[in-house]
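Everything on this sheet refers to the single structure shown next.
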There are 2 protein chains.
Amino acid sequence: MPPVLHGPVLDALGRRITAGELPAGAALTLDGIGAEFGVSRTVAREAMRLLEGLGLVRSGPRVGIVVLPHDAWNVLDPKVIAWRLDGPGRASQLRSLTELRQAVEPLAAACAARGATAAVRDELVGIARQMRKLGEAGEGDGEEFLALDIRMHELLMRSSGNELFSALADVVAVVISGRTHLGLMPAYPEPVALDAHEAVASAVATGDADAAEEAMARIVREVRGALDAGAPPTR
Amino acid sequence: MPPVLHGPVLDALGRRITAGELPAGAALTLDGIGAEFGVSRTVAREAMRLLEGLGLVRSGPRVGIVVLPHDAWNVLDPKVIAWRLDGPGRASQLRSLTELRQAVEPLAAACAARGATAAVRDELVGIARQMRKLGEAGEGDGEEFLALDIRMHELLMRSSGNELFSALADVVAVVISGRTHLGLMPAYPEPVALDAHEAVASAVATGDADAAEEAMARIVREVRGALDAGAPPTR
DNA sequence: CTCGCTCATTGATAACATCATTGCGCGGTG
DNA sequence: CACCGCGCAATGATGTTATCAATGAGCGAG
């Protein structure tokens with residue numbers, strides 16, 4: 001894919017705004033953007049349109065491009081989420097997203113238990129087995145364990161039969177990855193987490209929706225507990 | 001607000017794509033769009049960029065603008081949701097969204113019970129009281145009852161203290177409204193629904209998170225049951 | 001069958017016209 | 001003299017058009 005010119009501009013501005021470096025009410029102009037990034041007004045305009053579509057800015061004659069307050073942002077858009085997970089609000093964003101996971105993943109697991117294909121059920125069981133092996137070997141904070149963890153949650157979300165849950169699969173993947181790379185992951189995972197992952201896999205494999213939901217709720221509760229312990233609420 | 005020129009173009013194309021009128025793989029050209037809507041290439045391009053940002057299309061030199069398969073769409077974006085709630089996939093979209101509500105609203109209610117302001121707690125109790133009055137008077141399918149219903153759910157989502165839940169408040173409002181206007185609302189609401197709404201309000205008022213969560217789960221279960229009865233699953 | 005050419009179509013820039021918004025200054029008034 | 005309202009001009013977005021560069025899909029030649 002050719003690196004489209006407005007891409008870097010959009011990215012830079014998006015980061016600045018979501019990081020709070022450009023606070024609500026701050027004003028930009030197309031000429032200013034064009035001059036700073038060395039691009040034409042047209043490119044600056046396209047980046048601005050995208051930002052407008054994300055609810056980050058509003059533009060009007062004479063006023064230029066004004067940054068909107070954060071409650072106007074499309075906080076569910078993957079781009080916005082990615083930007084915020086990079087900036088200073090990382091911990092807070094991780095907490096919000098984990099809360100969303102807490103709401104969605106148990107139900108998604110229940111749906112998957114009802115609708116997953118045989119291939120998916122098999123893969124889940126295999127993943128859970130490997131996770132236990134790695135976890136008991138002290139590789140609970142390694143990349144391989146992380147990949148399995150992500151794969152399992154992604155499989156569950158995408159097999160839920162609900163496109164809205166599927167759309168959240170990438171977000172969940174980023175959150176899981178963020179937790180590991182923030183160093184919140186113990187080298188030896190809590191046995192309760194390994195048990196719960198196995199329980200989810202076998203519940204989905206046998207089509208037991210209630211058990212899958214309950215086991216997944218245990219997983220997410222543990223995640224949230226670890227997060228709170230590592231970074232106490234600052235609200 | 002001045003009717004920006006690319007707005008109608010974006011809207012029309014978005015509807016066509018989400019409605020399936022332009023299937024995945026269909027190709028457009030900027031000149032074609034410009035000619036059809038009587039706008040310049042620049043405006044057509046801006047509309048296209050927005051569509052690209054929503055994951056509906058991809059564009060490249062020589063290939064024109066190609067419609068992407070639906071699993072690339074930003075199905076959580078409010079614009080996409082609104083379009084799909086209008087088109088032929090309305091019932092299916094309503095089911096998906098209700099499932100999302102089922103996941104999110106109970107937890108949001110629990111959070112609200114922990115963090116809502118005194119003013120919000122009072123308003124919730126008042127709303128529940130009015131809802132019962134209207135419901136028992138046979139106004140359960142009226143606009144006034146609908147407005148109260150929406151207001152209550154919106155208040156809860158926005159008082160959850162989680163911006164991601166807040167962002168879903170509009171979506172929930174549209175879903176509730178859609179249910180009424182699809183004629184799935186009984187003139188006399190189920191007494192269980194009125195009871196549950198009152199239970200949520202009083203649980204939040206007293207700060208009982210568990211009770212709020214449980215009562216909200218009852219509400220959403222009832223909603224989903226009504227939806228399934230009115231439009232049996234076609235998956 | 002494969003390589004390479006061609007041309008349609010997007011990507012990007014520039015110059016220009018238009019128009020809404022806003023802030024400032026002018027004049028009138030209490 | 002202070003204050004308020006009105007209109008005007010500066011500003012910057014919106015939209016159009018023209019032009020060139022880049023690219024890649026399809027086709028034709030070898």
Side-chain angles (χ1 to χ4, degrees), chain A residues 1-17 21-69 72-74 79, chain B residues 1-17 21-69 72-74 79:
Chain A
M1 200 185 323
V4 272
L5 216 26
H6 68 265
V9 181
L10 172 66
D11 206 61
L13 291 176
R15 279 171 202 279
R16 273 190 218 168
I17 296 173
E21 191 179 330
L22 290 172
L28 302 169
T29 67
L30 289 179
D31 289 322
I33 297 172
E36 173 176 354
F37 294 93
V39 297
S40 69
R41 289 173 57 91
T42 310
V43 173
R45 259 176 69 163
E46 282 177 0
M48 182 272 298
R49 278 274 183 269
L50 270 307
L51 289 174
E52 200 175 23
L54 295 176
L56 296 192
V57 304
R58 214 188 74 198
S59 90
R62 172 70 190 182
V63 294
I65 302 155
V66 292
V67 178
L68 294 177
W73 299 353
N74 262 2
K79 283 187 288 293
Chain B
M1 192 187 330
V4 272
L5 216 26
H6 69 265
V9 181
L10 173 65
D11 206 62
L13 291 177
R15 280 173 200 279
R16 275 190 217 167
I17 294 173
E21 191 179 329
L22 290 171
L28 301 169
T29 70
L30 288 179
D31 289 326
I33 296 172
E36 173 177 354
F37 294 93
V39 297
S40 70
R41 246 177 60 122
T42 309
V43 174
R45 248 178 79 150
E46 281 178 2
M48 183 274 297
R49 279 271 185 271
L50 270 307
L51 290 174
E52 202 174 20
L54 296 175
L56 297 192
V57 304
R58 215 189 74 195
S59 87
R62 173 67 189 177
V63 295
I65 302 155
V66 290
V67 178
L68 293 176
W73 298 355
N74 263 1
K79 285 189 286 296

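Throughout, a chain's letter reflects where its sequence line sits, starting with A, and its residues are numbered from 1.
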Below 4.0 Å: OP1/OP2 of [N] and any side-chain N or O of [X]:
X     : N      : value
A:S59 : D:dT14 : yes
A:R45 : D:dT16 : no
A:R49 : D:dT14 : yes

Find the distance [X]:[atom1] to [N]:[atom2] and express it as a whole number of Å.
X     : N      : atom1 : atom2 : value
A:L51 : D:dA13 : CG    : P     : 14 Å
B:L10 : D:dT14 : CG    : C1'   : 16 Å
B:I33 : C:dT9  : CD1   : P     : 13 Å
A:L30 : C:dC16 : CG    : C1'   : 16 Å
A:R58 : D:dA13 : CZ    : P     : 13 Å
B:E52 : C:dT10 : CD    : P     : 12 Å
A:I65 : C:dT22 : CD1   : C1'   : 17 Å
B:L5  : C:dT18 : CG    : C1'   : 13 Å

Any chance you could measure [X], atom [atom1], to [Y], atom [atom2], to the nearest 0.5 Å?
X     : Y     : atom1 : atom2 : value
A:R49 : A:I65 : CZ    : CD1   : 9.5 Å
A:D11 : A:H6  : CG    : NE2   : 10.5 Å
A:E46 : A:L30 : CD    : CG    : 11.5 Å
A:I17 : A:L54 : CD1   : CG    : 9.5 Å
B:T29 : B:M48 : OG1   : CE    : 11.0 Å

Give me, pair by pair, the N or O atoms of the protein and of nucleotides 6-8 of chain C that are less than 3.5 Å apart, along with how far apart they are.
| from | atom 1 | to | atom 2 | distance (Å) |
| --- | --- | --- | --- | --- |
| C:dA8 | O4' | B:R62 | NH1 | 2.8 |

Under a 4.5 Å cut-off applied to non-hydrogen side-chain atoms, are A:L28 and A:L13 in contact?
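Yes, side chains in contact.
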For residues A:L51 and A:L10, determine if any side-chain heavy atom of one lies less than 4.5 Å from a side-chain heavy atom of the other.
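Side chain of A:L51 against side chain of A:L10, heavy atoms only: contact under 4.5 Å found.
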Per A:E46 side chain, nearest of listed nucleotides D:dA13, C:dA12, D:dT17:
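Within the option list, the nearest is C:dA12.
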Nearest-neighbour nucleotide for the B:R41 side chain, C:dT13, D:dA13, C:dG11 considered:
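Given the options C:dT13, D:dA13, C:dG11, the side chain of B:R41 is closest to C:dG11.
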Nearest-nucleotide comparison on DNA chain D, the residue closer to the 5′ end among B:V43 and A:T29:
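Counting from the 5' end, the first nearest nucleotide belongs to A:T29.
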Between A:S40 and A:V63, name the one whose nearest nucleotide on DNA chain C is closer to the 5' end.
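Looking at DNA chain C, the more 5' nearest nucleotide goes with A:S40.
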Identify whether any heavy atom of A:T42 sits under 4.0 Å from a base atom; if not, whether one sits that close to sugar-phosphate; answer base, sugar-phosphate or nothing.
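Base: the residue A:T42, judged by heavy atoms under 4.0 Å, touches a nucleobase.
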